[in-house]
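Notes for the one structure printed next.
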Amino acid sequence: MSEQTMQHDVIQRRLDEKARRKDIVNQFIPYIGLVGIFVFFLIVTKGNLINEMNRANLVNQSFTLMMVAIGGSFVFAHGGSDMSIAATCGCGQLVAAMLLMRLGLPLWVCILACMAVTVMGSCMTASIGLVLGVPVFVGSMCIRSIFSGVLTSATTGAKIFVSQTSYGYMNDMMLKLYILLAMVMAGYYLFEYTPLGKMNRAIGGNELTATQAGIDAKRVKLISYILLGVCVGIAATFQMFRNGEVTAQSGTGLEFNMMLAVILGGMPMRGGEKCRFLSAIIGALTVTILENGLTLWGLDVNLVNGVKGILFVVIVGLSYDKSLGKLVS
Amino acid sequence: MKKILALLLVLCMSLTACGAFAEASPRYRIGFVYGDLTTKLGEQFVNGLNFVAEDLNIEIVTIEAGFGEQGTATLESVAAAGTVDGIISAAGASPAFLKAVNGIPFVACGSAFPSDPEELKETASNKNFLGGVVDSDYNAGYSAAKSLYEAGCRNLCIAGLTQGLSAAHDARIKGVNDFLAEHPDYKLLADDYSRAQYAPAISAFAAAFPEMDSLFTSSCNDAVFTTMMTEGLIGTVKMGSVDITETTGEYFDNGTLAYVAGGQYGSVMVALALLYNHLADGTDIISNTMEPMTRDYIVINNAEQFADYLYCVDGKVPVYTGEEIKNMIHFFNGEANYDTIQAINDQYSIEDIKTRHADMLG
């Protein structure tokens, strides 16, 4: 063996070891972060973080984000993204609220209509990418403009009020908890134990290889976006009842929070085989405890957003795979 | 004998001291919720409340609530932290907000008061909702149009907040439109309601309507004046609006402004009196919480009135002192009730403040 080959092997082994260590650290950082944030806020809020009232708050506040993170994990696993979910969430609420409060249709019809709108939004986003070949990020920005325009126009003149008295059970914490648990279990099973999750990760790892291996990438991507649309629809329905109104601001900030949750949970931005379903859940919990804890601690809401932004940059900077194109990919 | 007398004296003094403590006003932490505390109005709200805080033995906790779910979540967290005994909200009042604050007495103020009849009904049915104090926004819009008309203007453009977002802004616009309907010779050239993006709207008006001689904006900020300057509208277009900014005085001086309504921070101070009444001895001043107390704005039509405004409203003493707020509270003044407070509201003007604060303003 030549000296050059030996040197090459040494470098490769060193890089392999470094990558392995980084993998282990990256795997545990989200869990450590969650526990760390929890303990920190438990101390600084003098236990208020887990008082009876705030436990219910944590369930209510995490519901929307966890729901969209469940759907988002499939999209992120194949390297996709969707910047339109806030606008489609708002439009879903708009349609449901109009059917419920103005036409007096049964609740189940309104929920289905809400989900139909959000699924349509997700399908449109996916289609722009899959059919026209436009990057999905650009496509989702276009869909976001369309849906937010519709939402703003429709709420011009008056916001739509949604009665909390007539539909009080839609704000029941236990109902939300059961739905959330069911969705987490279903999502976990789909992601980790069915071909859908595996194919998404394969596409995220290397789309060309996945396609050559027989995976219908377009179909898998479309199904993932539909799943995201369903999750956004469920989240939109409960958010509508929680806020008791639909305005031009309904759904605002959801896309950023979803991205933050997924990334904070340790999911690679490019997707791929390192994606884990629990990353989304851990991330959503972390973001919720962070927001809730900072407010409990007395930080004003604008600074909370600032802290989230800084955290996002730091986490992306730390977790982004910079070794691509080098010896270790 | 002397010892017994001394003992009795000590006993009497102790009982008197206990009585004095029993009579002392309780200490409360009052949460004040607003969308943006960094604005001139936000600053006035907080300064007004803090000015009377010592006299009332209260602490003001400012809360910047975001929109939608973020706003609800912020209030939930504040309630869970147990840091406030009562809330005054100038950023929204809805069944969702009342549910979020979970039993904390709540007073709505200004544009926060619900405008949707169903929402108002549901909000008012919550026993923790103590009612609200609103500013007469319709009158402000109507008077602005009237002032511009009397200044000789006949071609108007309107720039406003997206309709439906704020009942206060919508009422101002309605006031203007009603005046226009009554005066067919005052023509509406164009209106724009793009989320209070006043600057691009004004630029578009300037380009499309050279005949424009008047402008109404549903609220005001310095960007409005800057745009009027850059578009060359100073001297040709007169303006009416609501809210005082840092440069309002300059634009009264150069004749651009014909009408500005301000001084609405007094409403928050009256809202504090309503809340304190409930906290101190359970007195609910407003029996029908679906009907808010209404107060007029301080109206300014020229530079001289603006100087008065700076002196009486935006100076070192706010529009109400601690003693004046105490007079609105049953715990301190047994005669305080809805009628006495509404009478104070009805008198609200520059002249009223000058009279009340003559000794303090010098």
Side-chain angles (χ1 to χ4, degrees), chain A residues 45-46 48-58 60-61 63-65 90 93 101 152-166 168 171 239 241-254 257 288 291-305, chain B residues 33-38 61-84 91-104 114-123 125-126 160-167 170 173-174 193-195:
Chain A
T45 62
K46 294 167 188 152
N48 280 331
L49 186 71
I50 51 165
N51 70 24
E52 194 186 343
M53 198 194 292
N54 206 51
R55 284 201 298 271
N57 290 347
L58 285 172
N60 279 318
Q61 290 170 16
F63 182 86
T64 308
L65 187 53
Q93 293 182 44
M101 302 305 294
T152 306
S153 304
T155 49
T156 293
K159 66 183 180 186
I160 300 170
F161 170 68
V162 180
S163 172
Q164 293 210 323
T165 309
S166 309
N171 277 315
Q239 195 182 56
F241 286 106
R242 178 163 151 76
N243 294 335
E245 62 186 23
V246 180
T247 68
Q249 263 97 28
S250 294
T252 304
L254 197 55
N257 277 345
T288 305
E291 275 192 348
N292 178 273
L294 287 170
T295 316
L296 274 180
W297 198 20
L299 206 66
D300 88 50
V301 71
N302 294 319
L303 290 175
V304 172
N305 286 335
Chain B
V33 187
Y34 191 54
D36 187 355
L37 292 163
T38 61
V61 179
T62 55
I63 304 158
E64 268 196 46
F67 292 110
E69 192 169 16
Q70 194 175 31
T72 311
T74 303
L75 289 183
E76 280 175 346
S77 302
V78 167
T83 48
V84 294
S94 63
F97 268 28
L98 280 150
K99 186 173 183 293
V101 299
N102 198 24
I104 297 174
S115 55
D116 182 283
E118 281 302 308
E119 184 181 26
L120 175 56
K121 201 170 147 191
E122 216 163 279
T123 305
S125 69
N126 190 309
L161 181 66
T162 307
Q163 289 181 317
L165 286 187
S166 160
D170 293 352
I173 299 294
K174 187 174 185 320
Y193 305 102
S194 308
R195 289 192 164 199

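A, B, ... follow the sequence lines: proteins, then strands. Residue 1 opens every chain. Hydrogens, waters and symmetry mates are skipped; everything else that's a heavy atom, side chains included, is used.
Using a 4.5 Å heavy-atom threshold, the side chains of A:Phe161 and B:Ser94 count as separate. A:Ser163 has its side chain within reach of B:Glu122: a pair of non-hydrogen atoms, C-beta onward, lies under 4.5 Å apart.
For a residue to count as touching a neighbouring chain, one of its non-hydrogen atoms must lie under 4.5 Å from one of that chain's; by this rule A:Gln239 touches chain B with the side chain only. Looking at A:Glu245, only its side chain comes within 4.5 Å of chain B, counting heavy atoms on both sides. Residue contact with chain A, scored on non-hydrogen atoms closer than 4.5 Å, involves the side chain of B:Lys99 exclusively. Residue contact with chain B, scored on non-hydrogen atoms closer than 4.5 Å, is absent for A:Thr45. Looking at B:Ala100, there are no atoms closer than 4.5 Å to chain A (heavy atoms on both sides), in backbone or side chain.
Shortest non-hydrogen contact noted between A:Asn57 and B:Ala80 is ND2-CB, 3.6 Å. The two atoms that bring B:Ser77 and A:Asn292 nearest to each other are OG-ND2, 3.2 Å, heavy atoms only. In plain terms, the two heavy atoms of B:Ala96 and A:Gly244 that are nearest each other are CB-N, 4.3 Å.
The candidate from A:Leu254, A:Asn243, A:Asn54, A:Asn48 with the greatest count of non-hydrogen atom pairs under 4.5 Å with chain B is A:Asn243.
The distance from the OG1 atom of B:Thr72 to the CZ atom of A:Arg242 is 5.5 Å, given to the nearest 0.5 Å. The distance from the CD1 atom of A:Ile160 to the CD atom of B:Glu118 is 14.0 Å, given to the nearest 0.5 Å.
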